[in-house]
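All remarks here apply to the structure that follows.
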Amino acid sequence: MPAEKLDTLLLFVGLIVIAPITSNFIFSYKNSETSSALFWGHITTFFSMLVIGMLFVTLDVLLVVMVGNVIVFRSALLFFWIAVVTFDFADLRTRDKF
């Protein structure tokens with residue numbers, strides 16, 4: 001891919017990552033009253049976190065190619081993905097009904 005196209009790809013991936021992050025943060029286990037609803041909640045959040053992780057890997061590769069190995073950028077992506085995953089488990093733990 002030509003280097004002049006990388007900035008457009010970086011912008012696109014950076015913007016598209018907002019959709020699964022928003023859906024993951026909007027979902028709450030609080031309203032899961034049945035085991036079926038809980039199961040589908042797990043499936044939904046799993047795929048959201050998987051897509052977020054894949055997009056973050058793509059962002060990481062693009063940033064390394066464009067800017068270089070800047071540890072702050074790479075760490076921020078990793079820590080943010082960890083925050084997304086732990087947010088989901090924290091939401092599950094605060095659920096009143098087990």
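We're numbering straight along the sequence, starting at 1. Hydrogens, waters and symmetry mates are skipped; everything else that's a heavy atom, side chains included, is used.
Val13 and Leu55 make their closest contact through CG1-O, 3.7 Å (heavy atoms, listed as atom of the first residue, atom of the second, distance). Taking all atoms of both residues into account, the shortest heavy-atom contact from Ser23 to Ser48 is OG-OG, 3.5 Å. Across every non-hydrogen atom of Leu59 and Gly14, the tightest pair is CD2-N, 3.8 Å. When all heavy atoms of Phe27 and Ser32 are compared, the closest pair comes out as CZ-OG, 4.3 Å. Contact detail for Val17 and Pro20: the closest heavy-atom pair is O-CD, 3.3 Å.
Leu11 and Leu63 sit in two unconnected hydrophobic clusters of ILVMFWY residues. Membership requires side-chain heavy atoms under 4.5 Å apart, directly or through other members. Val61 and Val64 fall into different hydrophobic clusters, where Ile, Leu, Val, Met, Phe, Trp and Tyr side chains are chained together by heavy-atom contacts under 4.5 Å. Taking hydrophobic clusters as Ile, Leu, Val, Met, Phe, Trp and Tyr residues chained together by side-chain heavy-atom distances below 4.5 Å, Phe89 shares a cluster with Val51. Each of Ile16 and Ile26 belongs to its own hydrophobic cluster when Ile, Leu, Val, Met, Phe, Trp and Tyr are linked at side-chain heavy-atom distances under 4.5 angstrom. There is a path of hydrophobic side-chain contacts, each under 4.5 Å, that joins Leu77 to Ile71.
Residue Thr86 holds its OG1 atom at 11.5 Å from CZ of Phe79, rounded to the nearest 0.5 Å. Taking CZ of Phe12 as the start and OG1 of Thr58 as the end, the distance is 10.5 Å to the nearest 0.5 Å.
Trp81 places a side-chain N or O within donor-acceptor distance of the main-chain N or O of Met49, the cut-off being under 3.5 Å. Judged by distance alone, the side chain of Ser75 and the main-chain N or O of Val72 form no donor-acceptor pair under 3.5 Å.
Atom CZ of Phe25 has more than 12 heavy atoms from other residues, nucleotides or ligands within 6.0 Å. Around atom CZ of Phe73, no more than 12 heavy atoms belonging to other residues, nucleotides or ligands sit under 6.0 Å away.
Two residues are said to be in side-chain contact when any heavy atoms from C-beta on lie closer than 4.5 Å; Thr45 and Tyr29 meet this criterion.
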Take Val85 and Ile82, measure what side chain to side chain contact (heavy atoms under 4.5 Å, CB included) needs, and give me the verdict at the end. CA-CA 5 Å; Val85 172; Ile82 290 171; 5.8 Å; no
Would Ile21 and Phe56 count as a side chain to side chain contact (heavy atoms under 4.5 Å, CB included) if you check the C-alpha gap in whole Å, the side-chain angles of each, and the deciding distance to 0.1 Å? CA-CA 11 Å; Ile21 287 174; Phe56 279 174; 4.0 Å; yes
Apply side chain to side chain contact (heavy atoms under 4.5 Å, CB included) to Phe80 and Ile52, showing your working. CA-CA 10 Å; Phe80 190 63; Ile52 292 165; 5.7 Å; no
